[in-house]
Protein chains: 2
Amino acid sequence: MSEVEQAGDTRDRAAGRAGKAPSTEESQRVFEALRNAVLDQRLPPGLQLKEQALADAFGVNRAVVRQALARLEIYRLVTHAPNRGVFVAHPSAAEGRDLFTARRYIEAAIVELAVERLTEADIARLRALARQERQAYEAQDVRRALRLSVDFHLQLADAVGNTVLASFLDEIVTRMPLVVLAHRRESPPTCMLDDHERILDAIAAGDASRARALMIEHVGHLEGRVSLDRGAQEGDSGIARLLGLEGGGP
Amino acid sequence: MSEVEQAGDTRDRAAGRAGKAPSTEESQRVFEALRNAVLDQRLPPGLQLKEQALADAFGVNRAVVRQALARLEIYRLVTHAPNRGVFVAHPSAAEGRDLFTARRYIEAAIVELAVERLTEADIARLRALARQERQAYEAQDVRRALRLSVDFHLQLADAVGNTVLASFLDEIVTRMPLVVLAHRRESPPTCMLDDHERILDAIAAGDASRARALMIEHVGHLEGRVSLDRGAQEGDSGIARLLGLEGGGP
DNA sequence: GACTACATGATTGTCAACAATTTAAAGCGC
DNA sequence: GCGCTTTAAATTGTTGACAATCATGTAGTC
């Protein structure tokens with residue numbers, strides 16, 4: 001298995017944690033495909049997902065697609081307008097803020113538990129992952145780096161062993177890409193090349209409060225990449241964004 | 001159904017937070033009915049939920065029931081065995097521990113935010129709720145008290161205003177009754193008559209760390225009502241419990 | 001008597017056709 | 001040309017029937 005499949009592997013395991021449900025197996029396949037598309041930011045917010053088109057594309061029945069879409073809706077990845085169809089979600093700024101706030105608490109809890117529960121093997125594995133990620137960044141392969149970054153967070157949660165917290169984090173990171181797409185700012189990314197490795201250092205050293213502080217700071221770096229200012233572009237239907245009319249201050 | 005509908009009001013609002021999805025409206029109804037049944041501990045873990053029977057009972061199509069069951073599965077309220085059916089979930093001791101651990105972190109986060117964000121009106125409303133709950137306890141109406149207790153936690157999360165954390169707490173408290181059913185211990189309930197009111201006092205006083213400590217202690221009281229000892233009855237199929245053969249030490 | 005093989009009944013999974021609703025466009029009067 | 005009504009296409013929502021799978025009970029054999 002090459003590197004791409006390797007990343008895909010961990011992602012499927014992560015998906016398995018949040019939405020274990022092997023429902024009908026077919027709908028599971030469709031669900032994960034769409035979910036991965038969201039994670040890779042291939043689906044623009046607001047896009048309509050038509051049942052028949054998806055059924056044809058996946059070679060399945062409309063009922064199967066319907067079930068997959070229903071699950072996507074529960075994870076807030078799509079919104080369902082009765083009698084009109086389902087559309088890729090367009091999270092509001094408020095929703096984005098809530099997600100980041102929740103993420104800070106969840107990730108803080110995870111690193112706190114990580115200090116107690118992680119084995120040497122876990123740390124070694126995560127270190128390798130973080131190294132791969134930094135190499136990808138240095139090689140300008142942003143796509144792969146982003147993927148590895150997500151995998152790092154999910155695998156850390158996985159290693160801690162709390163299935164509930166892991167599923168919560170999984171839901172959060174799955175919804176994040178849509179927030180980024182909807183509220184991206186063109187400012188340069190804040191320095192966060194070795195955030196993950198420094199967090200691992202603190203965990204390995206058994207320094208819970210430092211690990212916690214570093215993780216919260218790290219989430220802050222991520223949040224810096226989007227603009228979720230209160231009242232900025234609240235409640236618009238997205239047409240302004242689609243036409244590139246955003247960014248104008250009040 | 002007088003009482004049921006009464007409590008159903010606040011409960012439905014809580015459900016609306018977690019699973020907004022008005023999918024087909026019909027399946028929403030079925031979903032909430034089953035969810036409320038779990039919350040009231042009317043469904044014994046392990047019970048099979050047959051599609052046709054539910055469809056007849058609710059006067060809807062099997063497809064509608066199917067959709068509702070799929071959502072219940074995502075919330076881990078039921079487990080789905082392919083080609084065999086869905087059964088009321090039977091959470092393991094490990095799952096119960098994970099739920100309580102996660103709950104401590106989530107509730108701690110909520111009270112921390114509550115100190116900053118709650119208005120006087122919020123606190124007054126919650127105080128009234130807590131008082132009702134204590135009166136119910138004193139009147140020996142355990143059922144109603146339990147219901148009001150759940151409502152207190154959900155409404156507190158609601159008042160804080162973070163939809164993500166609120167939905168996480170909602171999922172946790174919804175799954176709790178099954179844990180209690182599966183791992184109840186007959187020990188007397190620890191004193192927690194005025195836990196909620198004391199937490200409110202700390203919040204009103206702006207004492208975040210005290211509110212946090214009280215909430216964590218409160219969750220500890222709740223956890224004391226079940227026995228989730230490691231390795232106690234791990235992985236059994238539930239037959240021992242059904243026959244009343246549990247409780248024998250190793 | 002215990003175990004295996006088989007037949008039966010029940011339940012879930014899949015599917016295509018039909019009905020209801022909405023969106024878009026064409027037609028028409030002003 | 002503009003606005004309203006009517007018509008048509010496209011899409012979602014619903015229903016029932018059919019196929020696949022599994023549990024149960026029965027007969028047969030060692």
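Letters go in sequence order (proteins before strands), and every chain restarts at 1.
Interface residues of residues 50-60 of chain A facing DNA chain D, ordered by number: Lys50(A), Glu51(A); criterion, heavy-atom separation under 4.0 Å.
Between Tyr75(A) and Phe31(A), the ring planes lie tilted relative to each other; the angle falls in the 30° to 60° range.
Rounding to whole angstrom units, CD of residue Gln28(A) and C1' of dG13(C) are separated by 16 Å. Rounded to whole angstrom, the span from the CZ atom of Arg84(B) across to the C1' atom of dC22(D) amounts to 8 Å. Atom CZ of Arg62(A) and atom P of dT11(D) are 11 Å apart (whole Å). One interatomic measurement links the two molecules: CZ of Phe87(B) to C1' of dC22(D), which rounds to 10 Å at whole-angstrom precision. The interatomic distance linking Leu49(A) (CG) with dT12(D) (C1') rounds to 14 Å, in whole Å. Rounded to whole Å, atom P of dG16(D) lies 7 Å from atom CG of Asn61(B). For the pair Arg29(B) CZ and dG13(D) C1', the interatomic distance rounds to 16 Å; values are reported in whole Å. Going from atom CZ of Arg66(A) over to atom C1' of dA16(C) covers 14 Å, rounded to whole Å.
Under a 4.0 Å N-O distance rule, the pair Glu133(A)/Arg144(A) does not qualify as a salt bridge. Salt-bridge annotation for Glu223(B) and Arg97(B): absent, with no side-chain N of the basic residue lying under 4.0 Å from a carboxylate O of the acidic one.
Closest to the side chain of Asn83(B), from the set dT12(D), dC15(C), dG13(C), is dG13(C).
For His80(A) and dG13(D), the shortest distance from a side-chain N or O to OP1 or OP2 is below 4.0 Å.
Here ring-ring contact (aromatic ring centres under 6.0 Å, His included) pairs that include residues 155-177 of chain A, with residues two or more places apart or in two chains, are Phe168(A)-Phe168(B).
Considering only residues two or more places apart in sequence or on other chains, Asp122(A) meets the side chain to side chain contact (heavy atoms under 4.5 Å, CB included) condition with Leu118(A), Thr119(A), Arg125(A), Ala159(A).
In this structure, Leu69(B) reaches neither bases nor backbone, as no heavy-atom distance under 4.0 Å exists between it and the strands shown.
A donor-acceptor pair is defined here as one N or O able to donate and one able to accept, closer than 3.5 Å; such a pair exists between the side chain of Gln48(A) and the backbone of Arg84(A).
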Going through the distances and angles, do Ile74(A) and Arg71(B) end up as a side chain to side chain contact (heavy atoms under 4.5 Å, CB included)? CA-CA 8 Å; Ile74(A) 295 179; Arg71(B) 290 183 56 192; 3.1 Å; yes
